[in-house]
Amino acid sequence: MKRFDIAIIGGGIAGTSLAAEVAPHASVVVLEGEDAAGYHSTGRSAAFWSETYGGPDIQPLTTASHAALAPYLSPLGSLHIGRAHEASLIDGFLAEFAGSGVELTRVDPAAYIPGLRPEWTLGILEPTCAYIDVGGLHGEAIGRMKRAGGELWLRAGFQTATREGGDWRIDTAAGPLSAGILVNAAGAWADPVATRLGAAPLGIQPYRRTLAQLRTDPPVPENMVHVAHIGTQFYFKPEAGGKLWLSPSDETPTSPCDAAPEEMDVAIAIDRLEGAVDWRITAVERKWAGLRSFAPDRLPVYGFDAGVPGLFWCAGQGGFGIQTAPAAARLAAGLLLGQTPDASVAAIDAQRYAPSRFG
Ligand SMILES: Cc1cc2nc3c(=O)[nH]c(=O)nc-3n(C[C@H](O)[C@H](O)[C@H](O)COP(=O)(O)OP(=O)(O)OC[C@H]3O[C@@H](n4cnc5c(N)ncnc54)[C@H](O)[C@@H]3O)c2cc1C
């Protein structure tokens, strides 16, 4: 039976980014239940990097990830829009990020969105928002891990594990193995996996989010910014070839599953879009849904379990798991290996993400 220093359950962006960081220092295996490592949330994201997304407690992770993400980013820009009765939301948003260093400017939204309906008078431009090449980023993490000697086991769903003499004896669909430390990077399944290891669940709740790819008349200009409603009722962004990606910003609590879109959520999204712009929808080309999994305080969880020795959490990445992946992995790797974290994350207080905060 093969032994590793570290076995990571979950081959999404969280598990593979962490594996890439620890592989030069320890033997590591990533156990992924599916045929493809990006099958769940990682392969279904809206793929943007926004420093304001997730709020001020997420922003340090997002900002610290920028340098590592740079080869996978391309310019987009984001516009947060509102109507007169939403002025307090606009003001609150600016106040939240005052002094953070994030570039935010009040603008007339009509200058950025052709066909915007006249009641949408308020806008904040976040010019640094960017597209992320998620496939490229995820592939790079897997490649970096493998080059350092790490292994990715596909169709290797974690089943059970018992702690014997300071090691985990682990059963998976691909056979048994042993490891000194087990990392829970199972995304929407983080709580059920923890329970199987004898740990207390942290209350990590998956929520379904829907995206649709549309054609519009007139076609969306390819250089248009990403547009987000300040009241989180929708967002949309241009895609290559005049396509539009649209979400109703839905958050439907669900059990961990292979999420599928509901017709009603797509209809709600289109209705909200039509309330913002005068475009005609000519086709719904594609629709999909994925799970965004949050801890009760909506901050991620990085650190050793408070009760079960040899169990490390890397979970609760919500709607920001791609844009924070490099910094989160470096922070988590420092904790996992008991080493001083990389200089790029040294200023980030890891305690705020500790699993022990839930008592
Ligand atoms: C619609 C949508 C839009 C989003 N947009 C953005 C965005 O623009 N920017 C951004 O940064 N983030 C975005 N996100 C969030 C981002 O996708 C997630 O935060 C991120 O993908 C989480 O990564 P993960 O590795 O934790 O989860 P996952 O990618 O779900 O990986 C977890 C893996 O664990 C595996 N697993 C589970 N149980 C077991 C088991 N027992 N044994 C073995 N393997 C197991 C699963 O098969 C899965 O592959 C979006 C999410 C959605 C759904």
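Bear in mind the structure is a predicted one, so any value in this text is a computation, not a measurement. Indexing begins at 1, ligand by ligand and atom by atom, following the structure's order.
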Inset, instruction - Report, in ascending order of atom number, the atoms of ligand 1 lying under 4.0 Å from any heavy atom of R209. - result: 1 (C)
Legend entry - Exam field: side chain D305 to backbone F312, donor-acceptor pair closer than 3.5 Å: no
Inset, instruction - Using a strict cut-off of 4.0 Å, indicate which atoms of ligand 1 neighbour a heavy atom of Q323. - result: 10 (C), 11 (O)
Inset, instruction - Taking only heavy atoms of Q317 into account, list the atoms of ligand 1 that are under 4.0 Å away from them. - result: 19 (O), 26 (O)
Inset, instruction - With heavy atoms under 4.0 Å as the rule, classify the contact between C314 and ligand 1 as side chain, backbone, both or neither. - result: neither
Inset, instruction - Return yes when A37 approaches ligand 1 closer than 4.0 angstrom through a heavy atom, no otherwise. - result: yes
Inset, instruction - Answer with side chain, backbone, both or neither: which part of A47 has a heavy atom less than 4.0 angstrom from an atom of ligand 1? - result: backbone
Legend entry - Which segment of A185 sits under 4.0 Å of ligand 1 when only heavy atoms are counted: backbone
Legend entry - Sidechain-backbone polar pair: Q59 side chain, Y53 backbone, donor-acceptor under 3.5 Å: no
Legend entry - Ligand-residue contact atoms, ligand 1 with T42, heavy atoms, under 4.0 Å: 21 (O), 23 (O), 25 (O), 28 (P), 29 (O)
Inset, instruction - Just jot down the ligand 1 atoms closer than 4.0 angstrom to any heavy atom of E34, in number order. - result: 47 (O)
Inset, instruction - Look at atom 33 (C) of ligand 1 and find which of K237, E32, H40 reaches it with the closest heavy atom. - result: E32
Inset, instruction - Classify the ring geometry between F93 and H80 as parallel (under 30°), tilted (30 to 60°) or perpendicular (over 60°). - result: tilted
Inset, instruction - For ligand 1, indicate whether the residue L31 contacts it via side chain, backbone, both or neither (heavy-atom separation under 4.0 Å). - result: backbone
Legend entry - Which segment of L291 sits under 4.0 Å of ligand 1 when only heavy atoms are counted: backbone
Inset, instruction - Answer with side chain, backbone, both or neither: which part of F320 has a heavy atom less than 4.0 angstrom from an atom of ligand 1? - result: backbone
Legend entry - F234 backbone acceptor or donor facing R272 side chain under 3.5 Å: no
Inset, instruction - Go through ligand 1 atom by atom and flag the ones less than 4.0 Å from a non-hydrogen atom of G157. - result: 42 (N), 43 (C)
Inset, instruction - Keeping the roles fixed (side chain from T282, backbone from R215), state whether a donor-acceptor pair exists under 3.5 Å. - result: yes
Inset, instruction - Taking only heavy atoms of G33 into account, list the atoms of ligand 1 that are under 4.0 Å away from them. - result: 43 (C), 44 (N)
Legend entry - R286 to W288 six-membered ring, cation-pi geometry met (6.0 Å, 45°): yes
Inset, instruction - Name the option, out of A14, G38, A46, that contains the heavy atom nearest to atom 5 (N) of ligand 1. - result: A46
